[in-house]
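Read through the structure below, which is laid out as structure tokens, and then see the notes.
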Amino acid sequence: MEKPSNLLLKLSRRLFTNLDIQEKFIQALINPQPFSPCILWCQQRPGNSPFVVESPTTWQPQFVDRLQLGEKPGKHPLHNQGDFYCLDFSSVFAATSLLAIEQSGGLIFDMCAAPGGKSIFAWKALQPSLLISNEVIGKRLGMLISNLKRCQISPSLVANRDSSIFAETIPLSANLVLVDAPCTGQSLLAKGETAPGCFHPTNINKCANRQKRIIANSAQLVAPQGYLAYMTCTYSPEENEEVCQWFVERFPQFQALSINQLQGYQSHLTDIPCYRLFPQDRLGAGAFTVLFQNTTEGEAKEIDEEVWQQLGCKQIRIGEENSSVEVRAKER
């Protein structure tokens with residue numbers, strides 16, 4: 001059996017005081033077990049599901065199904081025609097914070113969008129007047145565009161710009177900004193994948209600094225009374241609770257909101273309302289999520305179509321041939 005690294009042992013002790021929970025967390029990473037697949041219904045769910053469905057959790061959205069282990073939804077014809085999107089149940093947990101947003105409509109901006117799962121969740125849950133899905137890494141754009149087209153996400157635009165550009169050009173315009181932040185990806189280990197250097201302090205600090213830059217830029221876009229959702233798929237406090245603490249100290253107009261249906265998952269590492277799923281819970285590989293609201297008064301700024309064109313945003317045209325990029329069955 002693989003032995004845990006000293007860095008993993010150190011992290012487990014930081015996260016949990018209970019020795020039994022420490023051991024379960026470590027075993028979930030060094031001896032990963034499969035998790036039930038999950039699908040988000042983009043179109044109307046059939047009367048008779050083609051899959052064997054697990055009982056829903058108390059916080060699970062109505063448009064999401066967790067399937068029995070062994071089901072392969074990515075190979076089903078309904079997947080190819082865009083009726084549903086495959087994703088990790090941890091991603092559903094992270095995005096469930098969006099269900100606390102009372103008003104729908106308006107502009108939703110997904111800052112780190114590829115491969116598209118959080119964009120699709122937000123579109124399904126909140127029915128925005130416009131969805132902007134941005135991905136700064138060019139080689140990930142093909143996958144994002146293909147998924148949005150296949151799932152018939154409209155009206156939507158795709159962009160390929162650094163977060164600082166949007167902070168300068170479209171401030172105070174979005175009802176919701178999503179930041180599914182690039183991170184060390186420690187939860188990949190719980191899925192049997194690799195994440196080289198994910199526990200190393202240098203890598204963790206590098207990611208945390210990038211996350212702070214992205215969330216600070218993203219905050220500039222949030223309209224008065226609008227929302228900012230921050231989430232990761234990693235465990236290190238430096239990339240989660242500590243980013244939140246840094247953010248609220250520098251942007252005091254933002255308040256973290258309590259999510260009633262996630263109270264049982266409140267992080268024990270902070271008093272800020274934020275929520276964690278761990279792999280030993282056996283629902284998913286792990287996630288962190290928090291929802292902030294901009295408490296300032298005022299109106300959202302309207303953005304002219306010409307501005308989107310100047311920013312290089314591309315419209316997702318439903319019905320056109322999908323990109324030749326292969327759409328992975330295991331989407332995020």
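Remember, predicted model here, so these are calculated numbers, not experimental data. Below, each value reflects all heavy atoms present in this structure, side chains not excepted, and no hydrogens, waters or symmetry copies.
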Rounded to the nearest 0.5 Å, what separation is found between the CZ atom of Arg13 and the CG atom of Leu19?
10.0 Å
Could you go through Leu228 and Phe247, starting from their C-alpha distance and side-chain angles, then the distance that decides it, and tell me whether this counts as side-chain contact (heavy atoms from CB on, under 4.5 Å)?
CA-CA 11 Å; Leu228 173 62; Phe247 178 70; 3.4 Å; yes
Output field: ring centroids Phe121/Tyr85 closer than 6.0 Å:
no
Atom pair OG/CZ of Ser55 and Arg66 - distance to nearest 0.5 Å
8.0 Å
Measuring from Glu306:CD to Gln309:CD, what's the distance to the nearest 0.5 Å?
7.0 Å
Sorted by chain and residue number, the side chain to side chain contact (heavy atoms under 4.5 Å, CB included) partners of Glu241 (sequence neighbours excluded) come out as Pro237, Ser267, Leu269, Thr270, Cys274, Arg276, Phe288
Checking Glu71 side chain against Val52 main chain: does a donor-acceptor pair fall under 3.5 Å?
yes
Do side-chain atoms of Ser146 reach the backbone of Gly142 as a donor and acceptor pair under 3.5 angstrom?
no
Taking the inter-plane angle between the rings of His76 and Phe84 on a 0 to 90° scale, is it parallel (under 30°), tilted (30 to 60°) or perpendicular (over 60°)?
tilted
With side chain to side chain donor-acceptor pair (under 3.5 Å) as the rule and sequence neighbours excluded, what pairs involving residues 252-263 come up?
Gln263-Tyr275
Donor + acceptor pair across side chains of Gln211, Glu239 (<3.5 Å):
yes
Got a sec: does the CG of Asp162 have more than 12 other heavy atoms crowding it under 6.0 Å?
yes
Show the numbers, then the answer: is there a side-chain contact (heavy atoms from CB on, under 4.5 Å) between His200 and Ile204?
CA-CA 6 Å; His200 197 282; Ile204 291 170; over 6 Å; no
To the nearest 0.5 Å, tell me how far Arg250 CZ sits from Lys212 NZ.
7.0 Å
Backbone of Glu249 reached by a side-chain donor or acceptor of Gln245 within 3.5 Å
no
Can you tell me if Ser49 uses its side chain to pair, donor with acceptor, with the backbone of Phe51 under 3.5 Å?
yes
Transitive ILVMFWY side-chain link Leu98 to Leu148, under 4.5 Å
yes
I'd like to know if the side chain of Asp281 and the backbone of Phe278 have a donor-acceptor N/O pair within less than 3.5 Å.
yes
Look at the side chain of Gln33 and the backbone N and O of Asn31, then say whether any donor-acceptor pair between them is shorter than 3.5 Å.
yes
Consider only side-chain N and O atoms of Asp83 and Trp41, and report whether a donor and an acceptor are under 3.5 Å apart.
no
Donor-acceptor pair, distance only, cut-off 3.5 Å: does the side chain of Gln266 make one with the backbone of Ile272?
yes
Minimum side-chain heavy-atom gap Thr17-Gln22 below 4.5 Å
no
Determine yes or no for a side-chain-to-main-chain donor-acceptor pair under 3.5 angstrom, with Asn294 supplying the side chain and Val222 the backbone.
yes
Under 30°, 30 to 60°, or over 60°: which ring-plane class applies to Trp246 and Phe251, parallel, tilted or perpendicular?
tilted
According to a hydrophobic-cluster definition based on side-chain heavy atoms being under 4.5 Å apart (Ile, Leu, Val, Met, Phe, Trp, Tyr only), do Ile120 and Ile132 belong together?
no
Would Val179 and Trp123 show up in the same hydrophobic cluster when neighbours are defined by side-chain heavy atoms closer than 4.5 Å?
no
Does a donor on one side chain sit under 3.5 Å from an acceptor on the other, for Thr232 and Asn240?
yes
I need the single residue from Cys198, Cys183, Ser187 that forms a side chain to side chain contact (heavy atoms under 4.5 Å, CB included) with Thr234. Which is it?
Cys183
Evaluate the side-chain contact (heavy atoms from CB on, under 4.5 Å) criterion for residues Asp110 and Asn134: first the C-alpha distance (whole Å), next the side-chain angles of each, then the deciding distance (0.1 Å), finally the verdict.
CA-CA 6 Å; Asp110 189 351; Asn134 179 64; over 6 Å; no
I'd like to know if the side chain of Gln127 and the backbone of Gly105 have a donor-acceptor N/O pair within less than 3.5 Å.
no
Between the CZ atom in Arg161 and the CE atom in Met111, the distance rounded to the nearest 0.5 Å is 13.0 Å
Under 6.0 Å between ring centres, would you say that holds for Phe109 and Phe166?
yes
When rounded to the nearest 0.5 angstrom, what distance separates CG in Asn209 from CD1 in Ile214?
11.0 Å
So, do Phe25 and Tyr235 have ring centers that fall under 6.0 Å from each other?
yes
Establish whether Leu29 and Ile26 are linked, either directly or via other cluster members, by ILVMFWY side-chain heavy-atom contacts under 4.5 Å.
yes
Is the side chain of Asn175 donor-acceptor paired with the backbone N or O of Gly226 at a distance under 3.5 Å, no angle test?
no
